[in-house]
Asks: 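My questions all concern the structure below.
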Protein chains: 2
Amino acid sequence: MKLTSKGRYAVMALVDLARFDNINPVSLRDISLRQGISLDYLEQIFSKLRKKEIVQSIRGTQGGYILKRKAKEIKLTNIFDAVDEKVKTVQCKKESKKGCNGKSTKCLTHNLWDELENHINNFFEEKSLEDLVKDNSERRI
Amino acid sequence: MKLTSKGRYAVMALVDLARFDNINPVSLRDISLRQGISLDYLEQIFSKLRKKEIVQSIRGTQGGYILKRKAKEIKLTNIFDAVDEKVKTVQCKKESKKGCNGKSTKCLTHNLWDELENHINNFFEEKSLEDLVKDNSERRI
DNA sequence: TATAAACCTGAGTAAAATAGTCAAGTATAT
DNA sequence: ATATACTTGACTATTTTACTCAGGTTTATA
């Protein structure tokens with residue numbers, strides 16, 4: 001089990017964005033330079049974040065991105081969801097009748113994966129972008 | 001982020017094994033049939049489980065595998081560790097001086113990933129094979 | 001109004017990881 | 001003897017990841 005770069009980059013970029021957001025739109029170029037993430041890749045990521053209404057774009061010179069919601073209201077779960085980084089523990093969810101692995105009953109560990117998913121999602125649902133920004137500025141003092 | 005088949009299969013197979021363990025060694029062939037997992041793949045997985053002393057092998061006819069430790073003492077974390085399924089959130093851990101992404105400071109989200117890792121590992125450390133077996137037999141009644 | 005900064009989009013692709021298969025063994029109960 | 005079952009290592013197709021590339025469109029400002 002691992003976290004992919006896309007998810008990590010999304011969070012890093014948003015924390016960066018959230019710190020400068022109050023003043024002006026933040027360009028991806030700046031984020032790219034500050035965080036060391038490829039500009040092209042950032043564009044892909046922000047395209048998804050925009051579609052899920054986490055950020056808003058402002059085109060043209062001096063343009064960039066701003067947060068569409070308050071940092072407090074953007075949870076990690078929203079971010080991961082936007083970039084398709086989901087906690088996917090097991091394939092056997094929708095097919096409630098068929099069960100797992102083509103067997104007629106639920107697999108022996110079915111409930112376990114459900115529990116695990118909940119456990120991880122809890123963490124993601126509690127943590128907001130604001131928490132991360134605060135956490136960071138505190139450590140700077 | 002996702003769990004791989006190897007980790008899921010390992011847990012499924014061990015739950016299966018733990019349920020029959022008291023009587024006789026359990027052959028991989030039986031597990032393969034019951035759980036619908038390829039025999040060859042199971043062999044790879046059990047080779048790792050054996051090296052980490054989670055199971056013990058008994059060769060020859062009527063052979064198979066038995067648990068090397070009590071089900072209560074086998075935690076999910078041991079299983080995932082054995083099959084190289086680790087919670088890997090971020091690359092920037094060892095290089096304590098260099099920081100992340102080649103920058104001179106820790107990346108903005110460094111602490112977050114640490115926290116997440118701990119959160120997930122807590123779950124894995126608390127859950128034992130015995131819990132899973134019990135959970136399963138209870139639901140059968 | 002020209003131009004450059006910045007967003008926007010889709011296609012393509014190299015490298016890595018995953019999920020196995022295959023082949024050729026060795027050990028042992030019966 | 002022999003069949004059952006563990007043991008090992010190499011191999012491979014597929015999928016996923018982590019990007020790059022090539023072309024746009026929009027708009028502030030000089």
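Values in this document were obtained by computation on a predicted structure and should not be read as measured data.
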Asks: Could you tell me which non-hydrogen atom of B:Thr109 sits nearest to which non-hydrogen atom of A:Met12, and how far apart they are?
Replies: OG1-CG, 3.2 Å

Asks: Base, sugar-phosphate alone, or nothing: which one does B:Tyr65 contact when heavy atoms must sit under 4.0 Å apart?
Replies: sugar-phosphate

Asks: Does B:Leu49 share a hydrophobic cluster with B:Ile66, counting links as ILVMFWY side-chain heavy atoms below 4.5 Å and allowing steps through other members?
Replies: no

Asks: Tell me the interatomic distance from B:Gln35, atom CD, to C:dA19, atom C1', rounded to whole angstroms.
Replies: 18 Å

Asks: Mind calculating the distance between CG (A:Leu3) and C1' (D:dA18) to the nearest angstrom?
Replies: 14 Å

Asks: When rounded to the nearest 0.5 angstrom, what distance separates CG in A:Leu17 from OG in A:Ser27?
Replies: 10.5 Å

Asks: For the pair made of CG in A:Asp30 and C1' in C:dA5, what is the distance, rounded to whole Å?
Replies: 11 Å

Asks: Taking the minimum atom-to-atom distance to the side chain of B:Ser38, which one of C:dG20, D:dT8, D:dA18 wins?
Replies: C:dG20

Asks: May I have the distance from A:Lys48 (atom NZ) to C:dC8 (atom P), rounded to whole angstrom?
Replies: 15 Å

Asks: With a 4.0 Å limit, can you tell me whether A:Tyr41 has a side-chain N or O closer than that to the phosphate oxygens OP1/OP2 of D:dC21?
Replies: no

Asks: For B:Lys75, is the NZ atom crowded, meaning more than 12 foreign heavy atoms sit under 6.0 Å from it?
Replies: yes

Asks: Using 30° and 60° as the class limits, which term best fits the ring planes of B:Tyr9 and B:Tyr41: parallel, tilted or perpendicular?
Replies: perpendicular

Asks: Sugar-phosphate atoms are those with a prime plus P, OP1 and OP2; base atoms are the rest. Using that split, label each nucleotide of nucleotides 22-30 of chain C B, S or - for protein heavy atoms under 4.0 Å, 5' to 3'.
Replies: B--BBBBB-

Asks: Could you tell me the separation between the CD1 atom of A:Ile45 and the P atom of C:dC8, rounded to a whole number of Å?
Replies: 15 Å

Asks: Taking the side chain as C-beta and beyond, is there a heavy-atom pair between B:Phe20 and B:Ile31 under 4.5 Å?
Replies: no

Asks: Return the nearest nucleotide to the side chain of A:Ser57; candidates are C:dC8, D:dT20, C:dA17.
Replies: C:dC8

Asks: Tell me: CZ of A:Arg29 to P of C:dA4, nearest whole Å?
Replies: 15 Å

Asks: Closest-nucleotide mapping onto DNA chain D: is B:Ser47 or A:Leu39 further toward the 5' terminus? I mean the 5' end.
Replies: B:Ser47

Asks: Should we say atom CZ of B:Arg69 is surrounded by more than 12 heavy atoms from elsewhere, each under 6.0 Å from it?
Replies: yes

Asks: Checking all strands, does A:Val26 fall into the base, sugar-phosphate, or nothing category for heavy-atom contacts under 4.0 angstrom?
Replies: sugar-phosphate

Asks: Taking only the side-chain nitrogens and oxygens of A:Ser5, find out if one of them lies under 4.0 Å from OP1 or OP2 of D:dT17.
Replies: no

Asks: Whole angstrom is fine here: how far is it from CD1 in B:Ile66 over to C1' in D:dA5?
Replies: 15 Å

Asks: Figure out the CG/C1' separation between A:Leu49 and C:dC8, and round it to whole Å.
Replies: 14 Å

Asks: Considering only C:dT9, C:dA19, D:dC19, which nucleotide approaches the side chain of A:Tyr9 most closely?
Replies: D:dC19

Asks: Are A:Arg50 and C:dC8 close enough that a side-chain N or O sits under 4.0 Å from OP1 or OP2?
Replies: yes

